[in-house]
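Sequence positions, counted from 1, serve as the residue numbers for this chain. None of these values were measured; they are calculated from a predicted model.
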Amino acid sequence: MDPECSRLLPALCSVLADPRQPVADDTCLEKLLDWFKTISEAGSSLLLLQENPCLVELLFQVLRPQDLSARVLSFSLRLAGIFAAQEDCFQYLEQGELLPGLFGEAGPVGQAAWTAPTVRSGWIQGLRSLAQHPSALHFLADCGALDTVFSLQGDSSLFVASAAGQLLAHILGLSMRGPAEGLPSLQAPDWPACAQKIVGHLEESLRSTAPPQVTQALNVLTTTFGHCHSPWTRVLWERLSPLVACLLEEDPLPAAHSLVDLLLSVARSPVLSSDCGLWETLAQTLRHLSPTQAGPLALGILKLQDCPQALRAQAFGVLLQPLACVLKAADQAPGPPGLLEGITGDSVTVDTLLSSKSACAGLLCRTLAHLELLQPLPQRPSPWPQAPLLGAAVTILQFCNGSAAPASNVGGRLCALLAGCVRVQRAALDFLGTLSQETGPQELVTQVFSVLLEHLRSPDSSATVLKKAFQATLRWLLSSPKTPGCCDLDPHTQLFLRELLPVLQKRLCSPCWEVRDSGLEFLTQVTRHWGGQAGFRHVLLTSEVPELAEQLLRDPESYVRASAVTAMGQLSSQGLHATTASPEHPGGQQKSLLVELLRILSEDSEGFPRRAVMQVFTQWLRDGHADVTEDTERFVARVLQAASRDLDWEVRAQGLELALVFLAQTLGQPGSHCPYAVAPPQATLHSPPAQALQALCRVRLFEFAFRALFDCDRPVAQKSCDLLLFLRARTVPHSGPQEAGGSPDVVSVEAALQRWRAGEQGPPLGDLEPETVLAVLRSMDLEGLRGALAESSDHVEESPQSLLQDVLAAVGVLGENQADCY
């Protein structure tokens with residue numbers, strides 16, 4: 001321990017032990033515990049206590065009847081556990097009767113403070129820390145602590161109850177190590193004392209008629225089998241599995257969720273998964289669980305790497321039953337013969353679907369979510385029933401929007417339950433989008449596009465449903481096959497786009513800003529992927545979508561303006577920006593977009609649109625956009641000037657990104673390794689450094705970067721430092737010694753940098769010469785600055801000494817100026 005910390009420690013312990021003193025907040029106490037844990041793990045806890053007896057005295061204070069706060073009491077219990085994790089220190093504390101007083105029956109368990117959940121939690125965490133060695137096991141068996149842990153499994157605090165269960169699993173695993181690691185006997189006398197007591201408690205709980213006790217036992221076993229894969233776990237499972245199997249005979253099934261977790265934990269264990277009885281138990285459980293409860297178990301079984309094929313088929317059938325019910329209700333076969341044979345939806349599933357609106361929606365949403373998770377996995381069932389699943393997803397959406405044709409009373413009831421159900425629509429659209437990764441019969445694909453169009457057209461579709469519908473539509477459009485021998489879109493897709501664009505026009509005019517935003521996001525993505533396709537270009541340019549998107553640049557909602565900026569930037573990059581200019585002035589309207597975006601960058605009151613403009617401008621510069629290459633220096637100068645005045649740090653940071661792109665283009669050479677380097681004009685490649693630096697000076701790049709170097713927002717300063725380091729690496733090697741020196745220009749620049757470092761504004765630098773810039777770059781310690789910026793803002797105040805000073809200053813033990821701001 002640091003000598004200064006050791007000097008402050010007695011005062012700290014006195015403060016914590018004094019009930020009259022205000023206690024530091026929980027954050028400081030947690031950091032103190034972290035510090036003590038680090039010290040103990042790095043050396044001897046016993047030596048630490050011997051050198052600092054005030055720590056032992058603090059722990060003894062807990063045993064005295066006084067009014068210690070619950071926080072300090074919890075802190076002391078956890079601190080004792082940290083020290084007692086080392087066996088020699090445990091024995092030292094046990095000899096002084098400290099540990100029995102803290103964790104035994106005479107400890108806080110019988111005090112009034114025990115009513116505070118934080119004390120009970122600290123008691124459990126302290127036991128968890130000290131339970132690391134054989135001495136701790138003997139102590140736990142003798143002091144009565146296990147009985148308290150058993151009772152805390154049913155604590156009113158969920159955190160305490162969960163920690164108690166995890167502690168039992170940890171103690172069970174610890175007690176079965178060493179001599180019991182091989183293959184312990186099934187006879188109780190051969191088990192270690194702690195293990196006997198815990199297993200006996202688990203057996204008693206599994207036989208209980210109270211569901212909470214059954215749940216507690218199942219949770220302990222789930223944790224045990226999930227974390228420990230030693231041979232003894234097989235014996236434990238053989239001993240307790242008959243009791244678990246007996247639970248399946250009860251009606252209703254107690255603790256179904258916890259039972260599913262346990263069985264899957266056992267099935268994943270490399271020691272237990274070879275047990276044939278386990279697979280039979282899983283199959284039996286699938287038959288006993290309700291459709292809602294069986295879904296997670298079925299999904300877990302299908303995710304297993306090694307599983308009997310018959311069980312996989314049964315699990316997949318359970319997952320598909322609700323969808324089979326839906327297809328049957330709409331008078332559709334559940335699939336090709338043999339593919340979903342026998343999966344027609346049993347009466348229990350039908351009853352669940354029809355019982356209530358919430359039950360129907362819950363079962364369908366869970367089923368669709370499970371299948372969505374299963375679809376991309378390599379161990380999913382094969383063959384994969386793509387066509388029936390497509391049909392089921394389409395049918396569910398038709399039930400939701402009222403376009404389904406019910407073939408029975410069940411279908412009519414489903415229509416009533418699912419009409420306008422946003423929750424099911426969202427889940428079905430997500431699943432439909434996932435299914436786009438594979439193809440299907442053209443008839444079904446046509447139905448997919450039809451139901452998507454219905455939802456996009458429907459005036460009853462909510463904003464969230466429309467967003468999901470746009471996302472699913474995009475995924476299906478991008479997965480559409482191209483016509484062989486043709487690089488354009490296939491006829492079905494072009495026909496769909498002709499129907500879709502008028503719908504998109506309508507949604508861009510929606511009074512709901514979320515809908516307008518979703519429409520613009522869809523337009524941006526589809527343009528990014530298909531902007532070069534002749535069929536898409538024709539359909540888009542004959543619509544009013546580009547004009548509407550441009551109008552939304554002045555939308556009252558900032559999110560919409562930002563999305564409109566991104567969409568228009570993408571349209572302009574692809575040459576799809578709306579234009580009413582005459583043939584002899586084809587670029588007239590496109591120039592107005594640049595002016596409009598510059599206006600937004602300079603005048604918009606919200607940050608999102610301005611950030612979007614900077615991203616568009618940076619991409620335009622990278623791609624060599626026509627409006628940029630017309631006068632690149634003027635463009636860069638105007639953008640950097642606007643970005644330098646912006647109060648949003650992300651705009652300034654994006655300005656540095658644009659500056660770095662321009663820098664790489666100006667100084668770039670073949671084989672450049674700069675991650676931002678693009679292919680600059682060939683003439684620039686061979687420009688001498690002085691000529692290239694003149695271009696950088698003309699756009700005022702250096703002033704922008706130098707100011708940003710001392711920005712109050714660290715990400716901006718870091719990016720500026722990286723830019724200047726890159727610039728120095730590319731230019732200084734080319735400069736001669738005569739360019740260095742203390743000229744008046746260099747002195748004035750360095751003076752300005754000192755003012756900016758101090759937080760002053762000062763006048764602009766004006767026109768700089770390349771020689772001045774090079775001299776300043778050589779004189780700056782950019783590497784040191786980068787290292788300083790990489791450190792966290794509290795790297796000085798985060799020291800243990802500072803922490804101790806803060807705690808003591810809070811109660812007036814130290815003078816005001818002796819504490820750091822932690």
Side-chain angles (χ1 to χ4, degrees), residues 291 319-336 339-340 343-347 349-372 385-436 440-462 464-473 476 496 499-500 503:
L319 275 187
L320 296 175
Q321 273 182 355
L323 302 188
C325 289
V326 170
L327 290 172
K328 186 178 180 183
D331 198 22
Q332 297 185 39
L339 188 58
L340 300 181
I343 306 172
T344 57
D346 61 13
S347 59
T349 304
V350 173
D351 291 344
T352 302
L353 282 172
L354 302 184
S355 60
S356 68
K357 188 180 183 76
S358 60
C360 180
L363 179 56
L364 287 178
C365 287
R366 278 188 286 270
T367 298
L368 293 170
H370 290 151
L371 289 168
E372 187 177 349
Q386 175 78 356
L389 292 176
L390 274 178
V394 168
T395 303
I396 290 172
L397 289 170
Q398 289 172 338
F399 274 124
C400 290
N401 70 6
S403 63
S408 62
N409 292 333
V410 173
R413 176 71 173 148
L414 281 177
C415 276
L417 292 172
L418 294 178
C421 184
V422 173
R423 182 183 171 196
V424 174
Q425 285 175 305
R426 291 201 309 258
L429 288 167
D430 279 339
F431 182 53
L432 196 60
T434 300
L435 291 175
S436 67
Q442 184 57 50
E443 179 185 356
L444 265 178
V445 174
T446 302
Q447 290 182 32
V448 168
F449 282 118
S450 176
V451 77
L452 289 171
L453 203 56
E454 288 173 9
H455 276 73
L456 291 171
R457 280 177 177 154
S458 173
D460 298 325
S461 293
S462 68
T464 53
V465 168
L466 286 171
K467 184 179 182 69
K468 296 288 186 182
F470 272 125
Q471 291 172 343
T473 301
W476 274 96
F496 175 72
E499 297 180 82
L500 176 64
V503 178

Where the side chain of T434 meets the backbone of D430, is there a donor-acceptor pair that is under 3.5 Å apart?
yes
Side chain to side chain contact (heavy atoms under 4.5 Å, CB included) between V410 and L353, intermediate numbers included:
CA-CA 9 Å; V410 173; L353 282 172; over 6 Å; no
Are the side chains of L364 and L418 in touch, meaning some heavy atoms are under 4.5 Å apart?
yes
Rounded to the nearest 0.5 Å, how far does CG of L452 lie from CG of L500?
9.5 Å
Distance-minimising heavy-atom pair for T473 and A469:
OG1-O, 2.6 Å
Mark yes or no for whether W476, through its side chain, and L432, through its backbone, hold a donor-acceptor pair below 3.5 Å.
yes
Of all the heavy-atom pairs spanning G411 and F399, show the shortest one and how long it is.
O-CE2, 3.5 Å
Checking the side chain of S450 only, and the main-chain atoms of T446 only, is there a donor and an acceptor separated by less than 3.5 Å?
no
With sequence neighbours excluded, residues passing side-chain contact (heavy atoms from CB on, under 4.5 Å) with S355:
A359
List the steps, then state whether side chain to side chain contact (heavy atoms under 4.5 Å, CB included) holds for Q386 with L389.
CA-CA 5 Å; Q386 175 78 356; L389 292 176; 5.5 Å; no
Apply side-chain contact (heavy atoms from CB on, under 4.5 Å) to S358 and list each qualifying residue two or more places apart in sequence or on a separate chain.
S356
Scanning both residues in full, the closest heavy-atom pair of V445 with G440 reads CG2-O, 3.7 Å
Could you measure the distance from the OG1 atom of T349 to the CD atom of Q321? Nearest 0.5 Å is fine.
4.0 Å
Roughly how far, to the nearest 0.5 Å, is SG of C421 from CG of L397?
11.0 Å
With S458 via side-chain contact (heavy atoms from CB on, under 4.5 Å) - residues at least two apart
D460, S461
Distance (rounded to the nearest 0.5 Å) between L390 CG and S436 OG:
9.5 Å
Give me the atom names and distance for the closest heavy-atom approach of V424 to C400.
CG1-SG, 3.8 Å
So do the side chains of C360 and L414 get within less than 4.5 Å of each other, counting heavy atoms only?
yes
Please check this pair: side chain of Q471 against backbone of G433, looking for a donor-acceptor N/O pair closer than 3.5 Å.
no
If I take atom CG from residue L323 and atom OG1 from residue T395, how far apart are they, to the nearest 0.5 angstrom?
9.5 Å
Sequence neighbours excluded, which residues qualify as ring pair (Phe, Tyr, Trp, His ring centres under 6.0 Å) partners of F431?
none
Which residue pairs pass the side-chain hydrogen bond (donor to acceptor under 3.5 Å, both in side chains) test when at least one of the two sits in residues 408-426, sequence neighbours left out?
Q425-H455
Sorted by chain and number, sequence neighbours left out, ring pair (Phe, Tyr, Trp, His ring centres under 6.0 Å) with F496 holds for F449
Shortest non-hydrogen contact from A387 to L444?
O-CD1, 3.3 Å
Between K468 (side chain only) and L429 (backbone N and O only), is there a donor and an acceptor less than 3.5 Å apart?
no
Which atom of P388 lies closest to which atom of L327, heavy atoms considered:
O-CD1, 3.9 Å
Less than 4.5 Å apart, any side-chain heavy atom of E454 and any of S403?
yes
